[in-house]
Amino acid sequence: LFKKFYRDGIDIALNICDDGSQRDPASGFFEKNVPLPNMRLFRVKEDIGFNSHGARNLLMQHTQTEWNMMSDIDRHYSMQTLNDIIRTEAAGQLEQGKYYSFRDQNSTVEETYSLNEFIVCKADFWKTGGYDEEFTNIHWGDRYFFDTLGKVTTRVEQSRWKVAYVRGARDVTYDDILTTQYPDDNTLIHPRGIW
């Protein structure tokens, strides 16, 4: 995909932030794939449990593009969707003051849009103050961010942009631990007393 857009004269970048994963560090991806000049890996050194909020804030601090697509690693996008997103941005058809959501391609409900995958202007992202990192280690806080984003922008639902969830919801349990743990792809263990 990157090489294709290079040939077409469209400059895009891929920034990945590993939030301190011990089981599957993102560095393995970069070891297996020769990074292009516009691919960068950021890694939080300390595993402090669930840290998606901090990772996303870190990426938005270092992004060098006006428009940014935020996504978790366990999402899949078709080439058609990615091509359309890049062409839409390159044509200047994204508007500041709006953020753009994706259609959940696996949903049987017609009007189901994904929550945490979106495209946003960097300036609009920071008008919210970013994600609240007080929620670090807690699987919650995204809706709080989107409530704030909705006060400074308008959501535009892009039904032609589709996302597929690679992994379903995890079984949640609680234990006397300090940081959220992920022993396997289906299990999440929260520290007891968080709620």
Side-chain angles (χ1 to χ4, degrees), residues 13-33 35 38-65 67-77 99-102 104 113-153 163-195:
L14 174 65
N15 295 320
I16 297 173
C17 185
D18 184 330
D19 72 345
S21 173
Q22 301 302 304
R23 207 175 64 172
D24 295 309
S27 56
F29 171 81
F30 276 78
E31 290 167 4
K32 294 175 190 168
N33 298 278
N38 56 350
M39 293 174 64
R40 295 186 300 169
L41 172 64
F42 298 86
R43 187 162 200 275
V44 177
K45 292 181 180 179
E46 182 183 357
D47 183 3
I48 56 176
F50 179 72
N51 190 18
S52 173
H53 308 316
R56 286 177 175 230
N57 285 343
L58 178 66
L59 287 171
M60 289 302 283
Q61 287 174 355
H62 290 279
T63 183
Q64 298 169 342
T65 58
W67 287 97
N68 296 272
M69 176 177 156
M70 305 293 281
S71 178
D72 291 337
I73 198 72
D74 55 356
R75 306 297 191 252
H76 177 78
Y77 303 89
Y99 76 97
Y100 300 85
S101 61
F102 295 80
D104 178 354
Y113 290 87
S114 62
L115 173 66
N116 214 15
E117 295 73 44
F118 61 102
I119 294 175
V120 67
C121 174
K122 183 173 183 174
D124 287 338
F125 178 90
W126 286 115
K127 285 179 186 175
T128 69
Y131 284 87
D132 187 343
E133 293 184 40
E134 289 294 318
F135 293 110
T136 295
N137 202 30
I138 304 170
H139 274 261
W140 198 84
D142 296 329
R143 284 172 178 78
Y144 179 77
F145 169 79
F146 282 101
D147 286 346
T148 308
L149 185 61
K151 292 175 183 170
V152 298
T153 65
V163 58
Y165 298 90
V166 176
R167 180 187 49 78
R170 298 177 195 258
D171 295 324
V172 179
T173 60
Y174 298 87
D175 203 347
D176 295 322
I177 56 177
L178 296 177
T179 61
T180 300
Q181 302 293 314
Y182 307 89
D184 57 54
D185 286 340
N186 300 313
T187 309
L188 179 146
I189 306 172
H190 262 302
R192 197 183 312 279
I194 275 186
W195 303 106

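- The environment of NE2 in H62 is crowded: more than 12 heavy-atom neighbours from other residues, nucleotides or ligands sit within 6.0 Å.
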Quiz item: Would Y165 and E117 satisfy side-chain hydrogen bond (donor to acceptor under 3.5 Å, both in side chains), going step by step from the backbone distance to the final call?
Solution: CA-CA 11 Å; Y165 298 90; E117 295 73 44; 3.3 Å; yes
Exercise. Take H190 and V172 through the test side-chain contact (heavy atoms from CB on, under 4.5 Å) and record every step on the way to the result.
Key: CA-CA 7 Å; H190 262 302; V172 179; 3.9 Å; yes
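- Partners of D74 by salt bridge (charged side-chain N to carboxylate O under 4.0 Å, His left out), not counting sequence neighbours, listed by chain and number: R167.
- With hydrogens and angles ignored, the 3.5 Å screen pairs no side-chain donor or acceptor of D18 with any backbone N or O of R43.
- In this structure, the side chain of N57 does not engage the main chain of G130 through any donor-acceptor pair within 3.5 Å.
- Here F102 and Y77 bring their ring centres to under 6.0 angstrom of each other.
- Side-chain contact between M60 and V120: present, with at least one pair of heavy atoms (C-beta onward) separated by less than 4.5 Å.
- Rounded to the nearest 0.5 Å, atoms SG (C17) and CG (L41) are 8.0 Å apart.
- Remark: the backbone N or O of N68 is not paired with any side-chain donor or acceptor of K122 at under 3.5 angstrom.
- Two residues are said to be in side-chain contact when any heavy atoms from C-beta on lie closer than 4.5 Å; D175 and R192 meet this criterion.
- Side-chain N or O atoms of T187 include none that pairs as donor or acceptor with a backbone N or O of P183 at under 3.5 Å.
- Taking 4.0 Å as the cut-off between side-chain N and carboxylate O, R56 and D72 count as a salt-bridged pair.
- Looking only at atom types and distance, the side chain of Y131 has no donor-acceptor partner in the side chain of S52 under 3.5 Å away.
- Among all heavy-atom pairs drawn from D19 and V44, the shortest one is C-CB, 3.8 Å.
- Annotation: side-chain contact (heavy atoms from CB on, under 4.5 Å) contacts of K127 (sequence neighbours excluded): Q96, D124, V152.
- Ring pair F118/F146 is perpendicular by interplanar angle, where above 60° counts as perpendicular and below 30° as parallel.
- Listed here is the closest heavy atom pair of Q181 and I177: CG-CD1, 3.6 Å.
- Within the model, atoms OG1 of T63 and CG of L58 stand 11.0 Å from one another, a figure rounded to the nearest 0.5 Å.
- Atom OG1 of T179 and atom CD1 of I189 lie 10.0 Å apart (nearest 0.5 Å).
- M69 CE to N15 CG: the interatomic distance, rounded to the nearest 0.5 Å, is 13.0 Å.
- In this structure the side chain of Y99 never reaches within 4.5 angstrom of the side chain of W67, judged on heavy atoms.
- Between F135 and H53, the ring planes are perpendicular. Angles over 60° get that label, and only those under 30° would be called parallel.
- The environment of CZ in F42 is crowded: more than 12 heavy-atom neighbours from other residues, nucleotides or ligands sit within 6.0 Å.
- Checking side-chain atoms of R170 against main-chain N and O of D184 turns up a donor-acceptor pair under 3.5 Å.
- Heavy atoms of other residues, nucleotides or ligands lying less than 6.0 angstrom from CG of L59 number more than 12.
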